[in-house]
Amino acid sequence: MMNRIRTLIWVAGLALLWACNPMARQEKMQPPLASKIEQMLVMHGDTRIDFYYWLRDRNNPEVIAYLEAENAFTSHKMEHTAELQEQLFQEMMGRIKQDESTAPYFENGYYYYIRYEMGGEYPLYCRKKGTPDAPEEIILNVPQMASAHPYFRIGSFTITSDNNLLAFSVDTVGRRQHTILLKNLQTGQITHTGIEHAAGDVVWAADDKTLFFTTLNPETLRYDNVRKFNTENGGEPRIVYYEPDETYYYMDVSRTKDRKFIVINCRSSVSNEIRILESETPTGNFRIFEPRRPGHEYSIEHRNGQFYVLTNDRAQNFRVVKTAANRTQSSNWQEIIPHRSDVLVENIELFNNFLVLQERSNALAQMRVIDLMTGKAHYISFDEEAYSISINVNREMNTDVFRYGYTSLTTPFTIFDYNLTTREKTQIWQQTVLGGFNPSNYETRRKFVDSRDGVRIPITLVYRKDADNNQPKPLLQYGYGSYGNNSNPGFNSNIISLVDRGFIYVIAHIRGGQEMGRQWYEDGKFLNKINTFNDFIDVSEYLINNNYTTAEKLFASGGSAGGLLMGAVVNMRPELYRGIIAQVPFVDVVTTMLDETIPLTTAEYDEWGNPNDPVYYRYLLSYSPYDQVTSQAYPNMLITSGLHDSQVQFWEPTKWTAKLRQYNTSNNLILLQTNMEAGHGGASGRFRRLRELALQYTFIIDLL
């Protein structure tokens, strides 16, 4: 109680001092000091003392007061940059075509698209019947629905086959807990189903009455059930599948592209299990497609009574097989695309007459087209040195037009329709970039950096062509390196605000992603995780040693698991960086991975290891950023958090900030900014996000 009283009195006094004395605001405001309350954490005979464990309780007024004091301190320290923050915000907003519309896609007789209105934070979901020139129908007016909420996000939506009834999910907190609503598209009436704690997925069966959806456990926020709800009869939704294994954290429910099957996909980090049900018989029972087994990942699509399966069964980089719809287990699989050690198959798109493979080789993605009638194959060509491509919205089976997206660090996101028969490529949409942007002013390059153990690490750079390359530049280095997620070099109009101020922007494609194939991921996880951190540091040293930048001008950023990366590298090599931006960082690794009440913990044993095993405990402890904070000179740091974050709980960055301040021997700034109204993704509005980004960019520009 005394600690709480002391902290609350301190916060109140701080606020009074700040409000009443301008000179105090400028000179005397000190960073918040969190109370230290000893908490002993014992495991495998090892004792850790966590003085900031008490900060975990979001219902504790003292915790909220501390977060608000941190926000006030950050505002104070950045007060002198208000003009620059506003300038950056206006620049970034000024590049956005505020009334932009997405490329319409065709499905079941309608063209669907999303558009914004001038000044709007949220989009309008729209459609046109039969032709893109038909009258517009607004099916979801998100600005109107969001007006009463500080946070608002549409999870997903699905429309019945007669095009009359829309089901959609809504999150108004930022913790991925959705309510499900129905909208009659003929009358415009919206009704509540009474369904809460939904995970977001919604899909109709063929009868247009039965709605399947996933749910979250309201206590643990883990996916636990798939349920169905009859919109005609009402009543309580019925559980059609319950997942008992807590390591299988994620579930989604969907419908095959040909609309023939409802699909339940249960996943852990590196394995999954699929169940299927004929869409025309929603009262039937789901059956297992292929039983789960450790390390096996697969996805499916249906065509003409056969399933096409993308699988890593006896294929580290994945292969493609097919099997009859009534004999789906692996003993019946027939290989059509064999495994290749140098090519990772990332995704597939299936049509009546064609199969398109999204592949990756030597850190570059490719699209391979296979004619299912003749067996002939060809690749779609791309010209830039480094780029990103992705399968876009392809909802129709009976077509020879394939839609994909293309982007690079200098090319705005562009959508192409590619004729699979004639091989003609047609640009149908490109992101509009205002504010005088000219891609010819910028250069994007792909290079490889030799790591300390001889592995070549790909990096992608962008800078102005008119820059003086004989002088080191301020440089922002980004990294992630976990879960096999690739850091694809895509266009970001906001980065222009840094590059036009002389910055070089670099993406380090470090181990832990899959840029160089599946082994690249395996070499950056479990007991190999140190490679992720070493790779990032080796790239930093390369950039300094080759005169791209200096330690006085080098900044680094990463979020979530990339925030773990930031925490590890500043413990290992703090002198390399002038400043760090760590967004919603996963930094309290050991304590989190020992706490099975946290939503992601059990599912992530396959990524980090289970610290209940002493081998993994010691290894996780060896790099856990929070546990490895030591007395040394840390660089300037801006740490961000979301109070309602369900993926990286708010207390991780909060505790980390407090401990860094305790041990930091330099006079460098350590700031914490917590969004008190959002979760893992930050603010929900498109312009509110820019305010957050403007603060981050201002932080590093001001340090120069």
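What you see is a predicted model, and the numbers here were worked out from it, not measured in a lab.
One finds the NE2 atom of His378 at 11.0 Å from the CZ atom of Arg368 (value rounded to the nearest 0.5 Å). Gln696 contributes atom CD, which lies 9.0 Å from atom CD1 of Ile700 (distance to the nearest 0.5 angstrom).
Under 3.5 Å, the side chains of Ser271 and Arg292 contain no donor-acceptor pair of N or O atoms. Between the side chains of Glu290 and Thr311, no donor N or O sits under 3.5 Å from an acceptor N or O. Under 3.5 Å, the side chains of Tyr577 and Gln477 contain no donor-acceptor pair of N or O atoms. Side-chain contact annotation: Asn486 with Glu346, donor-acceptor N/O pair under 3.5 Å present.
Residues passing the side chain to side chain donor-acceptor pair (under 3.5 Å) test with Trp520: none are found, sequence neighbours excluded. With sequence neighbours left out, Phe416 forms a ring pair (Phe, Tyr, Trp, His ring centres under 6.0 Å) with Tyr404. Residues passing the ring pair (Phe, Tyr, Trp, His ring centres under 6.0 Å) test with Tyr619 are Tyr623, sequence neighbours excluded.
Between Arg573 and Glu541, at least one side-chain N (NZ, or NE/NH1/NH2) sits under 4.0 Å from a carboxylate O, which counts as a salt bridge.
Between the side chain of Lys529 and the backbone N or O of Asp523, no donor-acceptor pair lies under 3.5 Å.
With Tyr308 as the partner, the side-chain hydrogen bond (donor to acceptor under 3.5 Å, both in side chains) test is satisfied by one option alone out of Glu301, Arg303, Lys322: Arg303. When each of Arg501, Glu91, Met92, Arg95 is paired with Ile496, the side-chain contact (heavy atoms from CB on, under 4.5 Å) condition holds for Arg95 and for no other.
Enclosure of atom CG in Asp453 by more than 12 non-hydrogen atoms of other residues, nucleotides or ligands within 6.0 angstrom is indicated. Other residues, nucleotides and ligands place no more than 12 heavy atoms under 6.0 Å from the NZ atom of Lys376.
Counting only heavy atoms from C-beta outward, the side chains of Glu604 and Met593 approach each other to under 4.5 Å. The side-chain heavy atoms of Gln316 and Gln519, taken from C-beta on, include a pair separated by under 4.5 Å. Between Thr323 and Gln306, the closest side-chain pair of non-hydrogen atoms is not below 4.5 Å.
Taking the six-membered ring for Trp and thresholds of 30 and 60 degrees, Tyr483 and Trp608 have ring planes more than 60 degrees apart, a perpendicular arrangement.
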*asked:* Before you tell me yes or no, could you show the steps for Arg464 and Glu443 under salt bridge (Lys or Arg N to Asp or Glu O under 4.0 Å), namely the whole-Å CA-CA distance, both residues' side-chain angles and the distance that decides it to 0.1 Å?
replied: CA-CA 6 Å; Arg464 284 192 65 94; Glu443 185 83 35; over 6 Å; no
